[in-house]
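Read through the structure below, which is laid out as structure tokens, and then see the notes.
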Number of protein chains: 2
Amino acid sequence: MTVVTWQAGCSSCHLRDFGLCQAVQGPQEIACLQSVRQPARFHPSGRTVFLQGSRGIPLYNVLSGWLFSYQLLPDGRRQILQFLLPGDIAGLECEDSMGMTHGLETLCESVLCTIPREGFRHLIDSCPAVAEHARKILARDMILLFEHMATLGRRTARERVACLLLELVVRSGRSTCLTNGMSLRMPLTQPILADALGLTAIHVNRVLRELREQRVMELAHKQLTILDTEKLTRLAGLPDGMMDLWTGQSTASGVSRTSSQAAVQMRRL
Amino acid sequence: MTVVTWQAGCSSCHLRDFGLCQAVQGPQEIACLQSVRQPARFHPSGRTVFLQGSRGIPLYNVLSGWLFSYQLLPDGRRQILQFLLPGDIAGLECEDSMGMTHGLETLCESVLCTIPREGFRHLIDSCPAVAEHARKILARDMILLFEHMATLGRRTARERVACLLLELVVRSGRSTCLTNGMSLRMPLTQPILADALGLTAIHVNRVLRELREQRVMELAHKQLTILDTEKLTRLAGLPDGMMDLWTGQSTASGVSRTSSQAAVQMRRL
DNA sequence: CGCCAGGTTGAGGGACCTCAAGAGACGTGG
DNA sequence: CCACGTCTCTTGAGGTCCCTCAACCTGGCG
């Protein structure tokens, strides 16, 4: 188990004003945060951080790297639930005494900052804003999950791929706007995409080829290139507010849809 | 719009010690809760509570009835996200200033207790346990969503139907145990099941027939009958802790799975 | 009584899966 | 440095699960 740890001050952390920690302000509170968390640890690529079913798992703050949480069915089928990027936090959705219903793995070399449950409770006591912010983070994650559910349940394979890659581009860039020809590193394999999208790796491969041939996007050697932002966003068919949510803005969503009865009528047209 | 309202004291509410309100204890706090919420309202079956995209939506506490939240794609495809039963609460996943990314509809006659955002903030200030409990509720809902994602992404149509109906039986019964021949009312139509499970109503129909013919369960006239609990639970293939979560127990989960690499190997066998 | 949403069944098609085989990429150890 | 194994990527052929379309029946409600 190659795990490197090092010590650095919370006040000089590059995520000082992002994610959960941004709720901790003021020298006294930051000191408390620092006393409560453990030194950041380096995790190599493709390793398990914790397994589904394990207990007493702490919170993990993603300082750098990409990870994913997943759930296994008894026969080994795997569903990827979330992708975690720097600034995201894992473990908030778990109640103390429960076993984890899901596992966590790294997609590439990652650095995680650990906060034990005990310490987290202590932090909340001395800094109530943390509890409130944790709620907001959970609420945001929930809305991301809703979108994923719509993807899994109601989108075609091409739409699924477009949606997910678009989400990851936006989330990883955090508010840089999309431009044709932009290229960025994405530590995703086709089996990973498949398990996230409810498809097989083989079909993901065919869809990616199709998207490449139609000059929408290209994914090779873990490098994603956007060729046609307009086609891509049209394909994804996302509600208006989604992009802002990904970038961390909580500006208003302009989504305006009719009732589900109207939707049934629409499907009939 | 036929909406009936009435007034009754929080202290005599049949959900006094369930759901979010159970976090409010002590006469002073209960008085605050009561001052903050609005009179309970009756909503007829099949009506919209709020539309996707609407803003300034309060919290809704489900006193009685069944509801579902859903998300529409631009072309009218619908994904049902959650079923809400008495004791559940809607709106926690929404941040104040944002438009709702999803809508809410009644499945049958329902009574909802409304708590405006403003009042909720006030309640949290005078009763910090509410914030903590809201976090727990969000966390529990998240884990339910994870299971739904695994269902949508990785289970077959028959497994999906079995999973969902099993979940709803357990959640609606709250800790009554399953027995062969038990029968209970479930205000679900096949189109609703379809939109929850990522299938078509026609296919849901065929699956239900199959389950009926195999004497696993029967769903007719909104009445569900369990014929073979063992076959049913086997079909659903749920992790061990799930049942407890549905019934509201937070006993420990005994799920113990191998790493995702092992899962890949399993799939190869 | 008539309407309409929901339920039921059949025929046919398409999206996605399974199986199979080979090539490329990458890390590991000799 | 190369050899090797493993994982990933790629493509083809064939099959299946689920969808689409269409028709008819049923039951609840005004």
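To find a chain, count down the sequence lines: A is the first, B the second, and so on, and within it residues start at 1. Every value quoted in this text rests on a predicted model; they were computed, and no experiment measured them.
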Decide yes or no, distance alone: a donor-acceptor N/O pair under 3.5 angstrom between the base of C:dG7 and the side-chain of B:R206. no

With sugar-phosphate meaning primed atoms plus P, OP1 and OP2, does B:L199 contact a base, only sugar-phosphate, or nothing at under 4.0 Å between heavy atoms? sugar-phosphate

Quickly work out the B:H203 NE2 to D:dT20 C1' distance and round it to whole Å. 13 Å

How is A:R209 classified with respect to the nucleic acid when contacts are heavy atoms under 4.0 Å: base, sugar-phosphate, or nothing? sugar-phosphate

Could you state the CZ-P distance from A:R154 to D:dC18, rounded to the nearest angstrom? 13 Å

Looking only at the side chains, is there a donor atom on one of A:H102 and A:Q82 sitting less than 3.5 Å from an acceptor on the other? no

Want to settle it: does A:H221 or B:A201 sit nearer the 5' end of DNA chain C, counting the closest nucleotide to each? B:A201

Verify, without hydrogens or angle tests, whether A:R154 (side chain) and B:R77 (backbone) share a donor-acceptor contact under 3.5 angstrom. no

For D:dC7 and A:Q190 - does any side-chain N or O of the residue sit under 4.0 Å from the phosphate oxygens OP1/OP2? no

Side-chain N,O (B:T200) to OP1/OP2 (D:dC18) below 4.0 Å: no

Between A:E218 (CD) and D:dT10 (P), how many Å, whole number? 10 Å

Output the single nucleotide from C:dG6, D:dC9, D:dC18 whose closest atom is nearest the side chain of B:T189. C:dG6

In terms of side-chain heavy atoms of A:N205, which of C:dG7, D:dC9, C:dA20 is nearest? D:dC9

When the distance from CG of B:L219 to P of C:dG6 is rounded to whole Å, what number comes out? 14 Å

Pick the closest DNA chain C nucleotide for A:V207 and for B:P191 by heavy atoms, then say which residue is nearer the 5' end. B:P191

Cut-off 3.5 Å, side chains only: do B:Q71 and A:E147 have a donor facing an acceptor? yes

B:E109 has an atom CD; how far is it from atom C1' of D:dG28, in whole Å? 14 Å

Closest approach to the side chain of A:A157, judged atom by atom: which nucleotide of D:dT10, C:dC16, C:dC19 is it? C:dC16

To the nearest angstrom, how far is B:I202 atom CD1 from C:dG6 atom C1'? 12 Å

Are the side chain of A:E105 and the backbone of A:V49 linked by a donor-acceptor contact shorter than 3.5 Å? no

Over how many whole Å does the gap from A:I192 atom CD1 to D:dT8 atom P extend? 8 Å

Got a donor-acceptor contact below 3.5 angstrom from the B:T151 side chain to the B:M149 backbone? no

Without decimals, in angstroms, what is the distance between A:R77 CZ and D:dC17 P? 13 Å

